[in-house]
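Notes follow the structure.
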Amino acid sequence: MLKYIVIELCDTSTSYCHYSNYCDTPELISIDNLKAAILFAMKQNLNIQFVYPDYNLPKEYHEAINSIDHVKIKSSNASNISDADIIVHNGLNTITDFNWTKGSVHVLRISKADMGNIPELVDKTKDIIARLNIVITDIDRFTESDFVDYKNILQKLENPIADSLTKNNILLNLLTDRIILDKMNNCNAGYETICVAPNGKFYVCPAFYHDTPKKSCGDLANGLNIKNPQLYRLDHAPICRHCDAYQCKRCVWLNNKTTFEINTPSHEQCVTAHLERNSSRHIAEILKNKYSADVQTIKDIDYLDPFDKREEW
């Protein structure tokens, strides 16, 4: 059941997830398509997320956008980020001299080569911002040595994050979400979320538009038409429906890219998610033992890729 709609305002709108947007030719959504997308969202009772380009929009676009409740997603390089609900940083170079605002929400897109900087960044922002979502953009190219490095990085964060949580400070998607979740909280693109691109067509998510723009799933004029929609649901995911790495994004675009199956993630995506899950388990134990916090118990497991347990299921 759809709950959210992502409206890309321009071909150069910032990426906020695993996909990259290399487009440098601005192609703004037409005002008619913008209004049609807003009307579609109203009729379907969907929460709207507008994804902005870095340049300022014409006045009539602001008027249309402000006619309905919404969330603004902007790059840290955007012309005006004072009204952004979510600020996206594309690479470490964008945060060097950034002025962090109390209670703000941020997304950091980095490559695995820069993930060693995560502990320092968390330490720098944990008493200021409300939430930090970290996206490692080349997760599909992780090697066994990368898994070891990632595990060590997460372990460095366990005690600082536990301490931060007791002070109601930063939420970090990699480690804090699993502690409070009791069921899957994935991206759910194609099931709970749909995207409208600047060309007025529907896509499962912005990644599919930027990767394969010819593969749309309907348009604003004729309606939404997702082929085999059941494949985007958790109950049709043979691996994921048995998994308890609830914080995993279960990115269907990455699934399609790496395994050629919408509902089956790659080994890399599963292992990184379980490394995060296991560190979340350690944080929960710290909260219980050191701070007497009332948090759920995350069971110990003997695998990192649930595919290894397929025969038991």
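The structure displayed is predicted, hence computed values, not measured ones.
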Atom pair [atom1] ([X]) and [atom2] ([Y]), whose distance is rounded to the nearest 0.5 Å:
| X | Y | atom1 | atom2 | answer |
| --- | --- | --- | --- | --- |
| I118 | L172 | CD1 | CG | 7.5 Å |
| D163 | E158 | CG | CD | 13.5 Å |
| L234 | N185 | CG | CG | 11.0 Å |
| H89 | I110 | NE2 | CD1 | 12.0 Å |
| I170 | I129 | CD1 | CD1 | 4.0 Å |
| I283 | L154 | CD1 | CG | 8.5 Å |

Decide yes or no on salt bridge (charged side-chain N to carboxylate O under 4.0 Å, His left out) for D83 and K74, but give the supporting numbers first. CA-CA 9 Å; D83 61 349; K74 294 185 176 184; 2.7 Å; yes
Counting N and O atoms only, with roles assigned by atom type, does the side chain of [X] sit under 3.5 Å from a partner on the main chain of [Y], one being a donor and the other an acceptor?
| X | Y | value |
| --- | --- | --- |
| S75 | D54 | no |
| D85 | K72 | yes |
| N186 | C248 | yes |
| H70 | I68 | yes |
| S15 | Y19 | yes |
| S266 | Q269 | yes |
| D305 | C270 | no |
| Y61 | I31 | yes |
| D219 | N222 | yes |
| S30 | N33 | yes |

Between [Y] and [X], is there a salt bridge with N-O shorter than 4.0 Å?
| X | Y | result |
| --- | --- | --- |
| D114 | R109 | no |
| K112 | D138 | no |
| K167 | D127 | no |
| K151 | D146 | no |

Ring centres of F142 and H267 under 6.0 Å apart? no
Could you state whether [X] and [Y] fall into the same hydrophobic cluster, counting links through intermediate Ile, Leu, Val, Met, Phe, Trp or Tyr residues with side-chain heavy atoms under 4.5 angstrom apart?
| X | Y | value |
| --- | --- | --- |
| I128 | V105 | yes |
| L2 | L220 | yes |
| I239 | I262 | no |
| L275 | V148 | no |
| Y4 | V71 | no |

Crowding at [atom1], [X] (>12 non-hydrogen neighbours, <6.0 Å):
| X | atom1 | value |
| --- | --- | --- |
| N45 | CG | no |
| Q230 | CD | yes |
| K156 | NZ | no |
| N93 | CG | yes |
| F307 | CZ | no |
| Q296 | CD | yes |
| D69 | CG | no |
| N66 | CG | yes |

Could you check H106 against S104 for side chain to side chain donor-acceptor pair (under 3.5 Å), going step by step and ending with a plain yes or no? CA-CA 7 Å; H106 299 259; S104 53; 2.7 Å; yes
Pair N188-R233, side-chain donor/acceptor within less than 3.5 Å: no
Taking every non-hydrogen atom, the tightest pair across I38 and A64: CD1-O, 3.4 Å
Summary of salt bridge (charged side-chain N to carboxylate O under 4.0 Å, His left out) pairs that have at least one residue in residues 238-247, sequence neighbours excluded: R178-D244, D244-R277
Just one of V6, N90, V135 clears the side-chain contact (heavy atoms from CB on, under 4.5 Å) bar with Y16, so which one? V6
Tabulate below the donor-acceptor pairs under 3.5 Å that side-chain atoms of residues 198-205 make, not counting sequence neighbours, or state none.
{"unit_1": "N199", "atom_1": "OD1", "unit_2": "K201", "atom_2": "N", "d": "2.9"}
{"unit_1": "N199", "atom_1": "ND2", "unit_2": "Y203", "atom_2": "OH", "d": "3.1"}
{"unit_1": "Y203", "atom_1": "OH", "unit_2": "P213", "atom_2": "O", "d": "2.4"}

With S79 via side chain to side chain contact (heavy atoms under 4.5 Å, CB included) - residues at least two apart: N56
Between Y303 and K309, is there a cation-pi geometry (under 6.0 Å to ring centre, at most 45° from the normal)? no
